[in-house]
Amino acid sequence: MKLVAPDYYDKFSCIADKCRHSCCVGWEIDIDEGTYEYYKTVSGDLGEALKANISVCNGTASFTLDESERCPFLEKNGLCRLIKELGEGSLCGICADHPRFRSFYSERTEIGLGLCCEAAAELILKQEHKVGLITLEEDEESLTKDEEYLLGYRNQLFATAQDREFTVEERLENLGFLGGTHLPEKSFAEWADVFLSLERLDEAWTDKLNLLKQAKANAVPSSLEIPFEQLLVYLLYRHIPSALDDGDIASKIGFAVLSVKIIAAILSEEEKQDFETLAELVRLYSSEIEYSDENLNTIWDLLYEQND
Ligand code: SF4
């Protein structure tokens, strides 16, 4: 099995107590069986706290979030009590792994960092160079014909997304031509209604969608061309492999193009059009849309209907 990642992958580290949008708040955290068995052996105050703050539903253990939806082991100072008292190795699979995601091929795994994490978003969007892929673990890689085709096609999409001869808006057009992808003809106000009809977690996202209602353009500020390029490449890297399951590459390209247009349109209505505003907007978009299977599938279905 070959393991591949974007070339910035190893530079990631969690910013823990400096994180303003901790993944230890607002997310259900399931505990894998091995870790749950280990937690049962912990003694003393911490062992008691583990017993009191883990619930089991349909055979799956998870931390019982408090009334503010915080993990019970996230201390007020933003540090994790389990790491503090038991070390990093005591974390369950989900906590140790976040914000990583994986795409699986027959003999290849691609790993990446998800934009829902503010440290990952900052790292990804700040890359100046044309991001490439690196091999983390080299091994025989025998791919199916469909997988080989998809990877070759995605390389063309990367090259189009990274062609700095063109503006980002022109690159979006070029991606649409390359993929034969058509977005539904909707005004920004109509797109805002589509997104408002989806499941929403954070009121801040509703505020952004109200900004989208007023948007008139989705021009990318010239100072932010490269961060937008990184966003586009990330979306292609992460979502194109899903076409191996449903055979629908056009909707995945459409999703990348649409996401960039929507984020650029909201940004155009923000008080400031700077890197920090963009990074926060991208984090929010990712948490609300990419990290909800239901929302993601609704958008993909909408794009599929258009391209069928
Ligand atoms: S969201 Fe990212 S930076 Fe924040 S606590 Fe989680 S992994 Fe760390």
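Both counts, for ligands and for their atoms, begin at 1 and track the order of listing. Scope of the values below: all heavy atoms of this structure, side chains included, with no hydrogens, waters or symmetry mates. Starting from 1, each residue takes its place in the sequence as its number.
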Novice: Starting from atom 8 (Fe) of ligand 1, which protein heavy atom do you reach first, and at what distance in Å?
Specialist: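 Nearest protein contact, heavy atoms only, for atom 8 (Fe) of ligand 1 is Cys14 SG, 2.3 Å.
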Novice: One thing to verify: whether Glu169 and Arg171 come together as a salt bridge, which I'm taking to mean a side-chain N less than 4.0 angstrom from a carboxylate O.
Specialist: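 No, this pair does not count.
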Novice: May I ask you to check if any N/O/S atom from Cys117 comes under 2.8 Å of atom 6 (Fe) of ligand 1?
Specialist: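 Cys117 does not place any N, O or S atom closer than 2.8 Å to atom 6 (Fe) of ligand 1.
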Novice: When you check the gap from the basic side-chain N to the acidic O, do Arg108 and Glu147 get nearer than 4.0 Å?
Specialist: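 A salt bridge is absent here (no side-chain N lies under 4.0 Å from a carboxylate O).
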Novice: Can you pull out the closest protein heavy atom to atom 4 (Fe) of ligand 1? Residue, atom name and distance to 0.1 Å, please.
Specialist: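 Checking every protein heavy atom, the shortest distance to atom 4 (Fe) of ligand 1 gives Cys19 SG, 2.3 Å.
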Novice: So that I can tick it off, tell me whether Arg283 and Glu122 are bridged by a salt bridge, with the cut-off set at under 4.0 angstrom between side-chain N and carboxylate O.
Specialist: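 A salt bridge is absent here (no side-chain N lies under 4.0 Å from a carboxylate O).
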Novice: Can you tell me which residue and heavy atom of the protein come closest to atom 1 (S) of ligand 1, and the distance to 0.1 Å?
Specialist: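 It is Cys23 N, 3.6 Å.
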Novice: If we check side chain to side chain contact (heavy atoms under 4.5 Å, CB included) with Lys252, which of these qualifies: Asp246, Val257, Leu303?
Specialist: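 In the set Asp246, Val257, Leu303, the residue that makes a side chain to side chain contact (heavy atoms under 4.5 Å, CB included) with Lys252 is Asp246.
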Novice: Under 4.0 Å from a heavy atom of Ala119: give me the atoms of ligand 1 that qualify, with their elements.
Specialist: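 Answer, ordered by atom number: 3 (S).
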Novice: Has His21 got any heavy atom lying under 4.0 angstrom from an atom of ligand 1?
Specialist: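 His21: in contact with ligand 1 (<4.0 Å).
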Novice: Are Arg164 and Glu229 ion-paired here, with the side-chain N under 4.0 Å from a carboxylate O?
Specialist: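 Yes, charged N to carboxylate O under 4.0 Å.
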